[in-house]
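Some notes on the structure that comes next.
Small disclaimer: the values here were computed from a predicted structure and weren't measured.
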Amino acid sequence: MKRGIILVLMIIIAAGMLGQGCCGGDNGKTVDLTPASGSTPDNGASPKPTTPTQTSKLSPTPQESATPSPSPRPTTTKTTVPPITPVPSATVSPTPTPTATASPTPSPTPTGSDNNNITPTPAGDNDAVSFPDANLKAAIRNAISKSSGEIYLSDLAGLTTLNASNKGISNLTGLESCTALSNLDLSHNEIADISPLVANTGLGSGDTVHLEYNPLSGDSYGYVKQLTSRGVSVIWGSL
């Protein structure tokens with residue numbers, strides 16, 4: 001009976017050990033369940049179970065040497081960039097600016113103002129001189145002692161003095177040709193325009209012109225200034 005109980009216990013222990021072995025318990029431990037030799041159970045006494053000898057076998061886990069392998073260095077490839085050749089810029093020739101040709105400004109026609117110079121038209125000695133004012137023409141004939149016929153430039157070449165005061169003269173056309181005059185008296189007449197005197201290139205420094213008591217126009221006052229600027233002594237006004 002006791003022997004049967006011991007067997008049952010041994011079976012249970014073995015099953016437990018097997019279960020632990022299957023579940024991974026007691027790594028490397030070997031349990032010896034064989035009863036010690038020479039042990040004989042006493043009369044009716046339960047034999048003491050033999051303490052199993054545990055032999056621990058610990059297999060050393062080989063430690064792997066963790067020596068890191070050196071990482072390979074990346075190979076640097078140098079790319080040689082060819083030098084950039086500058087493209088020569090195109091040279092732009094400047095476009096010449098056209099030069100404007102100024103058209104000649106026509107000379108203004110004399111209007112009788114003090115800023116206009118009157119230039120007579122040259123004539124030959126045998127050219128006839130016209131005197132539209134009959135009173136002036138009569139005074140000229142008397143001065144050159146020529147009562148009839150055409151009056152030529154040659155006739156007027158020696159006329160230096162002309163006294164035509166108080167003759168009712170209003171038009172002085174023709175006097176521009178009397179370039180030898182140095183003393184001219186035209187006072188007390190009806191003269192408004194004295195532009196023929198300005199056109200007379202012979203009147204200059206040292207010459208005298210009497211114009212007092214004449215209804216001179218505004219333009220004629222400007223002509224007086226031109227005569228005096230040339231050195232002519234001009235007497236004018238209501239004296």
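- A donor-acceptor contact shorter than 3.5 Å links the side chain of Asp155 to the backbone of Tyr152.
- Not a single donor-acceptor pair under 3.5 Å links the side chain of Asn200 to the backbone N or O of Ser177.
- Interatomic distance, Ile191 CD1 to Leu172 CG, rounded to the nearest 0.5 Å: 4.0 Å.
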Do Phe131 and Ile151 pass the side-chain contact (heavy atoms from CB on, under 4.5 Å) test, and can you show the C-alpha distance, the side-chain angles, and the key distance before you say yes or no? CA-CA 9 Å; Phe131 292 94; Ile151 300 175; 4.1 Å; yes
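- Taking the side chain as every heavy atom from C-beta outward, Leu197 and Leu211 approach each other to under 4.5 Å.
- Side chain to side chain, Ser187 and Ser165 meet the donor-acceptor criterion of an N or O pair below 3.5 Å.
- A donor-acceptor contact shorter than 3.5 Å is absent between the side chain of Asn171 and the backbone of Pro132.
- Panel note: side chain Arg230, backbone Ser205; no donor-acceptor pair is recorded below 3.5 Å.
- Of the inter-residue distances, the one linking Leu184 atom CG with Leu203 atom CG reads 7.0 Å to the nearest 0.5 angstrom.
- Annotation: side chain of Thr228 is not in contact with side chain of Gln226 (no heavy-atom distance under 4.5 Å).
- Once rounded to the nearest 0.5 Å, the distance linking CD of Glu190 with NZ of Lys167 reads 14.5 Å.
- Looking at Asn214, its side chain does come within 3.5 Å of a backbone N or O of Asn189 through a donor-acceptor pair.
- Counting all heavy atoms, side chain and backbone alike, Ala157 lies closest to Ala180 at O-CB, 3.3 Å.
- By the 4.5 Å heavy-atom criterion applied to side chains, Leu186 and Leu175 are counted as neighbours.
- Taking CG from Asn163 and CG from Asp185, the interatomic distance works out to 5.0 Å, rounded to the nearest 0.5 Å.
- Annotation: the span from Leu159 atom CG to Thr161 atom OG1 amounts to 7.5 Å, rounded to 0.5 Å.
- Remark: the backbone N or O of Ile194 is paired with a side-chain donor or acceptor of Ser220 at under 3.5 angstrom.
- You'll find the side chain of Val198 reaches within 4.5 Å of the side chain of Leu227, heavy atoms only.
- Between the side chain of Asn183 and the main chain of Leu162, no donor-acceptor pair closer than 3.5 Å is present.
- Contact check for Trp236 versus Leu216: side-chain heavy atoms found under the 4.5 Å cut-off.
- Contact of the Ile140 side chain with the Val129 side chain is not registered, since no non-hydrogen atoms from C-beta on lie closer than 4.5 Å.
- Asp219 and Ser217 share no side-chain donor-acceptor pair at under 3.5 Å.
- Applying the salt bridge (charged side-chain N to carboxylate O under 4.0 Å, His left out) rule to pairs touching residues 131-142 yields nothing, sequence neighbours excluded.
- Of the possible polar contacts, one joining the Glu176 side chain to the Gly174 backbone as a donor-acceptor pair under 3.5 Å is found.
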